[in-house]
Amino acid sequence: MACKMLDGEKRAAEIKEELKKELAELAARGVKPHLVAVQVGENKASEVYIRSQQKAFSELGIDYTLKTLPGDITKDALVKEIEALNGDGTYTGIILQMPLPQQINAREIQACISPDKDVEAINARNMGKLVAGDLTLGPCTAAAAMELYKTTGEPLKGKDVVVVGHSEIVGKPLALMLLWHPTESATPTVCHIATKDLKAHLKRADVVFVAVGKAGLVNGADLKPGAIAIDIGINRVPVKDKDGNPVLNEKGKPKMKTVGDIDAESAEKVCSWLSPVPGGVGPITVVMLMRNTVRLAGMAGG
Ligand code: NAD
């Protein structure tokens, strides 16, 4: 079976065009979305994310302000900062960059962000809307995976869907999104670290979404012929030569590459559709952050 590759860059570009129209409509109503990103302490990984967010937001002309706070900030002081941003009319959205320093419980702080400014759509009210089938906002990675799936044109109604990974930002909201409609929903099964027989679940799935963070967790041989596979995982692994030895870069260090959780080479032989890593869900995720920012601003703007 010829496997078709899903194109996250293409879908991301299409949604950006839709957002440009929504932004023009908001501008006509005098509404200007403005995201404030809160970074606590210094962290190389979150700086990479912040740079990619800044680039994407400036491309669409959405205001993005970075607020950096000291790494030794107390929980109470951080809560006060968030509450001040909740009340500050300059900002229509707030994102708390991860990771936070050890003394801070991320969930507690995220819960302090006003649901009206919660661009990651992860606090209880916004997550609760998913339970009610309202997908206007959704946690960015889960929403991105759904957007990429939709490009297959395959209706989800009744399909056996296996979601591997049950985190609060991906697997759990994805399962709720799959159950969005009273009569048109898929039939999701959510697998995780304690699942007894992952392979048995995978083998009968029409569609799999994998969000774990383990390269090669899913092999083509684990999948049902013709399955649609959406790979959400992001892993850095050493590049190997044909004998299995690590390839070194010009500095003599192992050359690294980015791969997903699904072994793409074997999956391509079995799947009808496969999402690549990189170039699949990843490029759409930051666009979902922009979409949530635009939609929340629109709701607040009346
Ligand atoms: P997480 O660590 O919060 O959750 C991992 C999940 O995998 C858990 O539910 C755990 O039970 C499950 N798991 C672990 N080992 C397993 C196993 N052997 N079998 C079955 N399930 C197992 O991770 P997360 O934050 O949800 O991220 C998951 C992956 O998605 C990571 O690779 C992350 O980098 C990636 N990610 C991608 C994007 C994107 O835009 N593409 C965004 C966010 C996260």
Side-chain angles (χ1 to χ4, degrees), residues 5-12 15-16 37 43-46 48-53 55-56 95-100 105-107 110 119-122 127 130 138-151 161-178 188-205 208-219 222-223 229-237 256-264 274-292:
M5 295 306 277
L6 291 158
D7 189 342
E9 297 285 359
K10 181 166 175 256
R11 184 66 193 126
I15 303 170
K16 278 189 214 164
N43 182 280
K44 285 268 170 299
S46 82
V48 172
Y49 281 121
I50 289 167
R51 273 199 298 279
S52 81
Q53 288 168 8
K55 187 165 167 270
I95 181 170
L96 190 60
Q97 300 292 349
M98 294 295 144
L100 292 176
N105 178 321
R107 191 183 291 188
Q110 265 159 342
V119 289
E120 292 190 281
I122 47 178
M127 205 66 100
L130 297 183
C140 302
T141 309
M146 287 295 278
E147 281 296 336
L148 190 60
Y149 178 85
K150 279 193 235 160
T151 67
V161 180
V162 166
V163 177
V164 191
H166 75 327
S167 72
E168 287 168 26
I169 59 161
V170 195
K172 285 185 193 175
L174 196 49
L176 292 173
M177 289 171 174
L178 291 163
T189 301
V190 183
C191 299
H192 45 76
I193 187 76
T195 296
K196 276 190 284 183
D197 190 350
L198 175 64
K199 290 191 180 194
H201 290 287
L202 290 170
K203 199 68 189 175
R204 57 162 190 76
V208 299
F209 289 89
V210 190
V212 171
K214 284 190 182 152
L217 177 73
V218 175
N219 189 278
D222 304 330
L223 300 170
I230 310 287
D231 195 347
I232 301 166
I234 301 175
N235 307 287
R236 296 284 293 162
V237 297
M256 304 296 280
K257 62 175 178 178
T258 301
V259 299
D261 290 343
I262 300 177
D263 175 61
L274 177 64
S275 76
V277 178
V281 174
I284 309 178
T285 303
V286 69
V287 180
M288 293 295 99
L289 181 65
M290 291 196 281
R291 189 168 82 179
N292 285 347

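Whatever order the structure lists them in is the order used to number ligands and atoms, beginning at 1.
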Under 3.5 Å, which donor-acceptor pairs link side chains of residues 229-236 to any protein atom two or more places apart or in another chain?
unit_1 : atom_1 : unit_2 : atom_2 : d
D231   : OD1    : G233   : N      : 3.3
D231   : OD1    : D261   : N      : 2.8
D231   : OD2    : D261   : N      : 3.0
D231   : OD2    : I262   : N      : 2.9
N235   : OD1    : K214   : N      : 3.4
N235   : ND2    : V259   : O      : 3.4
N235   : ND2    : G260   : O      : 2.8
N235   : ND2    : D261   : OD1    : 2.9
R236   : NH1    : T258   : OG1    : 2.8

Holding to side chain to side chain contact (heavy atoms under 4.5 Å, CB included), I want the full list of residues that pass it with S52, two or more places apart in sequence or in another chain.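 S52: no side chain to side chain contact (heavy atoms under 4.5 Å, CB included) contacts found.
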
Those residues that, when tested against K16, pass side chain to side chain contact (heavy atoms under 4.5 Å, CB included) (two or more places apart):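 Checked K16 against side chain to side chain contact (heavy atoms under 4.5 Å, CB included); matches are E59, L60, V287, M290.
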
Heavy atoms from other residues, nucleotides or ligands near NZ of K203 exceed 12 (cutoff 6.0 Å):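 Count over threshold, so yes.
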
L202 side chain reached by V164 side chain, heavy atoms, under 4.5 Å: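 Heavy-atom side-chain distance check passes, below 4.5 Å.
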
I need the M98 CE to N43 CG distance, nearest 0.5 Å.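 M98 atom CE to N43 atom CG measures 11.0 Å (nearest 0.5 Å).
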
Within the 4.0 Å heavy-atom sphere of ligand 1, strictly under, residues: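 If the criterion is a heavy atom under 4.0 Å, then ligand 1 touches T141, V164, G165, H166, S167, I169, V170, H192, I193, A211, V212, G213, K214, L217, I232, G233, I234, V281, G282, T285.
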
